[in-house]
There are 2 protein chains.
Amino acid sequence: MRNNSKPRQILDTVNPLEPYLGYHLRRISAASMASLTLLLNELDIRPSEATVILFVQATPGVRQSLIGKHLGIRRANMAPLIAGLESKSLCRKEALDGRSSGIQLTKAGVKCAAKIEVKIRENEERCFGQLTVRDRKALMKIISTINLELISLE
Amino acid sequence: MRNNSKPRQILDTVNPLEPYLGYHLRRISAASMASLTLLLNELDIRPSEATVILFVQATPGVRQSLIGKHLGIRRANMAPLIAGLESKSLCRKEALDGRSSGIQLTKAGVKCAAKIEVKIRENEERCFGQLTVRDRKALMKIISTINLELISLE
DNA sequence: GCATGATTGCTATATAATATAGCAATAATA
DNA sequence: TATTATTGCTATATTATATAGCAATCATGC
């Protein structure tokens, strides 16, 4: 007799999505982002804002079109994102020419960037600390070879 | 002279998000999902619907609470999702008891499931065909060891 | 058998990320 | 200078996902 207990419903079928890399990456990414969102809530910062802040810190004076190109955020979505950071006094614009501005972090923005980095590192530990160092390195090596442009259909 | 061309703006700074696994997984997941979304559009199916359809196919008569537990979809979001599939005549409910139903695919649902599988496999090739077989296997091995429950904070 | 608590499905609602279409101003180019 | 490309932006829509709360039903301990 294989099973003489009688739970209401058991799942003796394997999840049919298991064989797909895309499925696993989606689930892991979603969990990791949800976790990061909670951590960043304490700073009143959303994940997409966090990536922009860190990018601007590393590349002061960058124009927002370039931020978007590197982070995969469209112009139309970049505009309100930057406006939101300005309204929180985390960044400011300085005119480069008649239409573009260079984005700079304010002092508050720099402080915030430091806190964001701490949160991101904390999240990396929360999410990937369960992997061995060897696996983390192997994972990083493999995924950083993936060329996103070969995937996107723009 | 290191650079005598004069592009308006070049980025000689490394993307500061590069060191983070979570960042790469997010970008890859987003690209892969966007690609899959386009492929599934031809079937008038969204990715979350696709996962539910394949899960129901593999586990006929499953109740929706269980689907959600396995796929990471909350009860509140499961309800309209199933209702949508019913309205497309892709699945139907059969009462298990006074409050729960077993979800079954209709004939159209089974046909749709087969098409979904083709699209998903096509997408896997599109997204991960650029990796060596060795890397794909290594990637699958590592990410399938990640325990999502250790990440989620519910 | 009955009171209590857990489960299940559901509605309403909110938010984050992301998508398209189109506009106006400016810059780059032939 | 005329044309095209770039840039920033608004408005809007969609998908996925989140919380709060409700009502019906089921399971459990007494």
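Labels below follow one simple rule: chain letters A, B, ... track the order of the sequence lines, proteins then strands, and each chain is numbered from 1. Note that this is a predicted model, so its numbers are computed, not measured. Computation of the quantities below employed the complete heavy-atom set of this structure, encompassing side-chain atoms and omitting hydrogens, waters and symmetry-equivalent molecules.
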Salt bridge (charged side-chain N to carboxylate O under 4.0 Å, His left out) between E122(B) and R126(B): does it pass, once the steps are laid out?
CA-CA 6 Å; E122(B) 189 181 337; R126(B) 268 192 52 78; over 6 Å; no
Can you tell if the side chain of Q104(A) reaches within under 4.5 Å of the side chain of K93(A), non-hydrogen atoms only?
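No. Closest side-chain heavy atoms not under 4.5 Å.
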Starting from [atom2] on [N], measure out to [atom1] on [X] and report it in whole angstrom.
X	N	atom1	atom2	answer
N77(B)	dT8(C)	CG	C1'	15 Å
N41(B)	dT20(C)	CG	C1'	13 Å
L39(A)	dA16(C)	CG	C1'	17 Å
M78(B)	dA18(D)	CE	P	14 Å
L81(B)	dA16(D)	CG	P	8 Å
L96(B)	dA24(D)	CG	C1'	16 Å
R46(B)	dA19(C)	CZ	P	16 Å
I73(A)	dG8(D)	CD1	C1'	15 Å

Does A83(A) reach a base, just sugar-phosphate, or nothing at all? Heavy atoms under 4.0 Å.
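The residue A83(A) makes no contact with any strand.
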When we call it a touch if two heavy atoms are under 4.0 Å apart, what does R75(A) touch: a base, just sugar-phosphate, or nothing?
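R75(A): base contact, heavy atoms under 4.0 Å.
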Choosing from [options], which nucleotide comes nearest the side chain of [X]?
X	options	answer
R63(A)	dC9(D), dT15(D), dT7(D)	dT7(D)
A34(B)	dA19(C), dC26(D), dT15(D)	dA19(C)
A76(A)	dA21(C), dT7(D), dA18(D)	dA21(C)
S65(B)	dT8(C), dA27(C), dA16(D)	dT8(C)

Does [X] place a side-chain N or O at less than 4.0 Å from the phosphate oxygens OP1/OP2 of [N]?
X	N	result
S48(A)	dA17(C)	yes
R74(B)	dT19(D)	yes
K69(B)	dT8(C)	yes
K93(B)	dC10(C)	yes
S100(A)	dT26(C)	no

Kindly indicate, with the supporting measurements, whether the criterion salt bridge (charged side-chain N to carboxylate O under 4.0 Å, His left out) is fulfilled by E149(B) and K69(B).
CA-CA 11 Å; E149(B) 300 192 12; K69(B) 266 171 201 152; over 6 Å; no
Position toward the 5' end of DNA chain C (nearest nucleotide), R99(A) or T37(A)
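Residue closer to the 5' terminus by nearest nucleotide: T37(A).
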Under a 4.5 Å side-chain heavy-atom rule over Ile, Leu, Val, Met, Phe, Trp and Tyr, are I73(B) and M33(A) clustered together?
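I73(B) and M33(A): separate clusters.
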When the nearest nucleotide of DNA chain D is assigned to M33(B) and to I82(A) on a heavy-atom basis, which residue is associated with the more 5' position?
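Its nearest nucleotide lies further toward 5', so the answer is I82(A).
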Check this for me, if you would: do R121(A) and E124(A) make a salt bridge, where the nitrogen-to-carboxylate-oxygen distance has to be below 4.0 angstrom?
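Salt bridge: no.
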Have R92(A) and T106(A) got a donor and an acceptor in their side chains that come within less than 3.5 Å?
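On atom types as modelled, these side chains do not qualify, holding no pair under 3.5 Å.
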